[in-house]
Structures are given as C-alpha cells and as structure tokens.
Amino acid sequence: QVQLVESGGGLVQAGDSLRLSCAASGRTFRIYAMGWFRQAPGKEREFVAAITWSGGSTFYTDSVKGRFTISRDGAKNTLYLQMNSLKHEDTAVYYCAAAGYGAAVYYRGSYGDWGQGTQVTVSS
C-alpha cells in the first residue's frame, strides 16, 4: 500500500496560481503512474492530470491543458500540480492517487491508493 498526503490548497482569486504537492510513502516501488483528480460539490470525481512515474509521460484533461503542469520528483517521492490562470470552475477538492503497472491513467478505477484531498477555492 502507498500512503499519500496532499498539501498546498487554499483560497485564491481568479487568475492566480497555486502549486499542490503530494508526498508518497510506503510501497512506492509499486507505483506506475500518479494522478490528480478533483471533485466539486455535487459532482463526480474527475480526472485532471497524470504522469508515469519512471518515464514522465504526462496526460491532461482538456480543460486544464496549457494552464496546469504535473511533475514529479522521484528522489523525494513527491508529485506536484502547478496550477496557473486559475478559474472559478477549478474550485474543488483535489486528490492525488497512485496506480500500479499497466493502469489506464485516465480511469479513476485504475488507482488503488488515494490521499485525503486538499481544498482549492478560486473566487471570481
């Protein structure tokens, strides 16, 4: 099992930036990919971005392309999400998640380990 702890959320204004972090511990050698998902009130949890842990291939949902950047620091076992040009519709609880080998990175069910989430609120 992999333990994940997110940090970096907060209240910002539209157009501002935030960087989320996710520290991984435990059986990190099993990680194939890590992703960020978000859940707004009354909505389903949705895919935001993912990265393969060894190769660094990145994947984004269309609504954040060009604004968000996912990255990782393997030495620190830490995942990041740099969020620029934030919009009110980006308001949600953001979760990081870890997936094992062969995972379909866009699919929520591929991820077996989840963090507790961090709130991002963007005022318009």
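Residue numbers count from 1 along this sequence. Any value given below was found using the heavy atoms of this structure, including those in side chains, with hydrogens, waters and symmetry copies removed.
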Within 45° cone of F37 ring axis and under 6.0 Å: R108 NZ or CZ: no
L20/E6 under side chain to side chain contact (heavy atoms under 4.5 Å, CB included): CA gap, chis, key distance, verdict: CA-CA 7 Å; L20 305 183; E6 302 100 333; over 6 Å; no
Considering all heavy atoms, the nearest A92-A40 contact: CB-N, 3.8 Å
Nearest atoms (heavy-atom pairs only) where W36 meets Y80: NE1-O, 3.3 Å
Atom CD of Q116 with >12 non-hydrogen neighbours under 6.0 angstrom: yes
Hphob cluster co-occupancy, V5 + V120, side-chain heavy atoms under 4.5 angstrom: no
K65/D62 ion pair, N-O < 4.0 Å: yes
Heavy-atom closest contact (R72 atom, I51 atom, distance): CD-CD1, 3.4 Å
Y111 reachable from Y60 in the ILVMFWY side-chain graph, under 4.5 Å edges: no
Contact summary for T78 and W53, nearest pair of heavy atoms: O-CH2, 3.8 Å
Test item: S110 side-chain N/O and A104 main-chain N/O as donor-acceptor pair under 3.5 Å: yes
Exceeds 12 heavy-atom contacts within 6.0 angstrom, atom OH of Y107: no
From CD1 (I70) to CD (Q82), nearest 0.5 Å: 12.5 Å
Nearest non-hydrogen partners of L4 and A24, listed with the distance: CD2-CB, 3.6 Å
Aromatic centroids of F47 and F59 separated by under 6.0 Å: no
R38 and T91: CA distance, side-chain angles, deciding distance, side chain to side chain contact (heavy atoms under 4.5 Å, CB included) verdict: CA-CA 9 Å; R38 65 187 180 187; T91 296; over 6 Å; no
V48-Y32 co-clustered via ILVMFWY side chain contacts under 4.5 Å: no
Parallel, tilted or perpendicular: ring planes of F68 versus Y94, cut at 30 and 60 degrees: tilted
Spatial distance of atom CG (L86) from atom OG (S123) [nearest 0.5 Å]: 10.5 Å
Interatomic distance, R19 atom CZ to S17 atom OG [nearest 0.5 angstrom]: 12.0 Å
Crowding at OH, Y101 (>12 non-hydrogen neighbours, <6.0 Å): no
Atom pair OG/CD of S63 and E89 - distance to nearest 0.5 Å: 8.5 Å
Residue R30 excluded, over 12 heavy atoms near CZ under 6.0 Å: no
Backbone of S57 reached by a side-chain donor or acceptor of T52 within 3.5 Å: yes
Joint cluster assignment, L81 & V12, ILVMFWY side-chain distance < 4.5 Å: yes
Within one Ile-Leu-Val-Met-Phe-Trp-Tyr cluster: Y95 and I31, side-chain cutoff 4.5 Å: no
Closest heavy-atom pair and its distance - V105, A50: CB-CB, 3.9 Å
Test: R27 and D113 ion pair at under 4.0 Å: no
